[in-house]
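A, B, ... follow the sequence lines: proteins, then strands. Residue 1 opens every chain.
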Protein chains: 2
Amino acid sequence: MERKTKQRNAILATLAAENRPLSTQEILENAQKKVPNLGIATVYRAVREFVDAGQITAINLPGDPSQRYEIKGKHHHHHFWCRACGKLFELEGCSGKLNIKTPKGFKTELHEVIFRGLCPKCKT
Amino acid sequence: MERKTKQRNAILATLAAENRPLSTQEILENAQKKVPNLGIATVYRAVREFVDAGQITAINLPGDPSQRYEIKGKHHHHHFWCRACGKLFELEGCSGKLNIKTPKGFKTELHEVIFRGLCPKCKT
DNA sequence: CCAATATTGATAATTAATTATCATTTATCA
DNA sequence: TGATAAATGATAATTAATTATCAATATTGG
């Protein structure tokens, strides 16, 4: 990643503009508004490089093999995953501690919480 | 699933004996102690049938495309996933409510929590 | 016990996300 | 501006879990 290109600018700007993790397809579709003939291979290459460079983070969901990406450096948070449209949303306010205890002997390093249900648009 | 076979008995007994979700490979290895030349295809077929029959449930983990299975009907609980050995463990005691609020307009239907870290065996 | 057929085991096929390839285009710097 | 090499876009290849295929085996009801 040695040169500035409009493709990479558009991809990073897309991620910065949305306050939720985006799939590679979502990135492609949004960034194509700025760079119409952007290809999916460039999206994959760019997100890999941004991840390596520490600028974005990959988000994985249980049962979904595709990756989503969000800007790195946000405070601790979790996500809401709409079962209808498949979009992922950011949720505020996890204290960092959950009222679930791990038994003696286990060393917890992190926790992930995923809420599932319907987003406002799909609920109506 | 119309006939009783030693293969399916061994597979279900394996899942019942462990109090944690098992991958198809773990099921295969454990059940082979009872049915030595058990094949992986039979494991896949059996778990699919047990899921359809409502006897077991598939568990998915973020970033791991392979499925794990546990006996259905347990009370609400979550899991601990060891990053070293990859084994999944059952955790007691989720109140069902977390101290994370979803914004207005979202309808939460369920939540999943995954703890990651080291299990007792891998910690030492 | 026997016939009918469900099940098994070995392995080929599938599937979907991601990565590699390569000719063409483009950013950068002298 | 022009040379150089990085980046792009189209698409082929890869990868790993799961499913399908099919001949051989085993269960079950009579």
Side-chain donor/acceptor of B/Trp81 to backbone N/O of B/Phe89, under 3.5 Å:
no
Any donor-acceptor N/O pair, B/Gln32 side chain to B/Leu38 backbone, under 3.5 Å
yes
side-chain contact (heavy atoms from CB on, under 4.5 Å) evaluation trace for B/Leu118 with B/Arg83:
CA-CA 6 Å; B/Leu118 293 172; B/Arg83 71 165 160 82; 3.7 Å; yes
Please state whether the phosphate of D/dA26, meaning OP1 or OP2, lies under 4.0 angstrom from any side-chain nitrogen or oxygen of B/Thr5.
no
Examine D/dA17: is either OP1 or OP2 under 4.0 Å from a nitrogen or oxygen in the side chain of B/Ser66? Give yes or no.
no
Which of these passes side-chain hydrogen bond (donor to acceptor under 3.5 Å, both in side chains) with B/Glu90: B/Arg20, B/Lys74, B/His79?
B/Lys74
Between B/Arg48 and B/Asp64, which is nearer to the 5' end of DNA chain D once each is assigned its nearest nucleotide?
B/Asp64
For B/Tyr44 and for A/Gln7, find the nucleotide of DNA chain D with the closest heavy atom, then tell me which residue's nucleotide is more 5'.
A/Gln7
Nucleotide nearest [X] (side chain, heavy atoms from C-beta), chosen from [options]:
| X | options | value |
| --- | --- | --- |
| B/Leu38 | C/dT11, D/dG9, C/dG9 | C/dG9 |
| B/Lys4 | C/dT28, D/dT28, C/dG9 | D/dT28 |
| A/Arg3 | D/dA6, D/dA17, C/dA6 | D/dA6 |

Roughly, in whole Å, what's the span from [atom1] in [X] to [atom2] in [N]?
| X | N | atom1 | atom2 | answer |
| --- | --- | --- | --- | --- |
| A/Leu28 | C/dA17 | CG | P | 14 Å |
| A/Glu2 | D/dA5 | CD | C1' | 9 Å |
| B/Phe50 | D/dT18 | CZ | C1' | 18 Å |
| A/Ile11 | D/dA7 | CD1 | P | 12 Å |
| A/Lys34 | D/dT8 | NZ | P | 15 Å |
| A/Asp52 | C/dT19 | CG | P | 10 Å |
| B/Ile40 | D/dT19 | CD1 | P | 11 Å |
| A/Gln25 | C/dA17 | CD | C1' | 10 Å |

Between A/Thr24 and A/Arg45, which is nearer to the 5' end of DNA chain C once each is assigned its nearest nucleotide?
A/Thr24
Mind checking if B/Arg8 touches a base, just sugar-phosphate, or nothing, with heavy atoms under 4.0 Å?
sugar-phosphate
Determine, stepwise, if the pair A/Lys87 / A/Glu18 fulfils salt bridge (Lys or Arg N to Asp or Glu O under 4.0 Å).
CA-CA 12 Å; A/Lys87 281 184 186 165; A/Glu18 297 277 336; over 6 Å; no
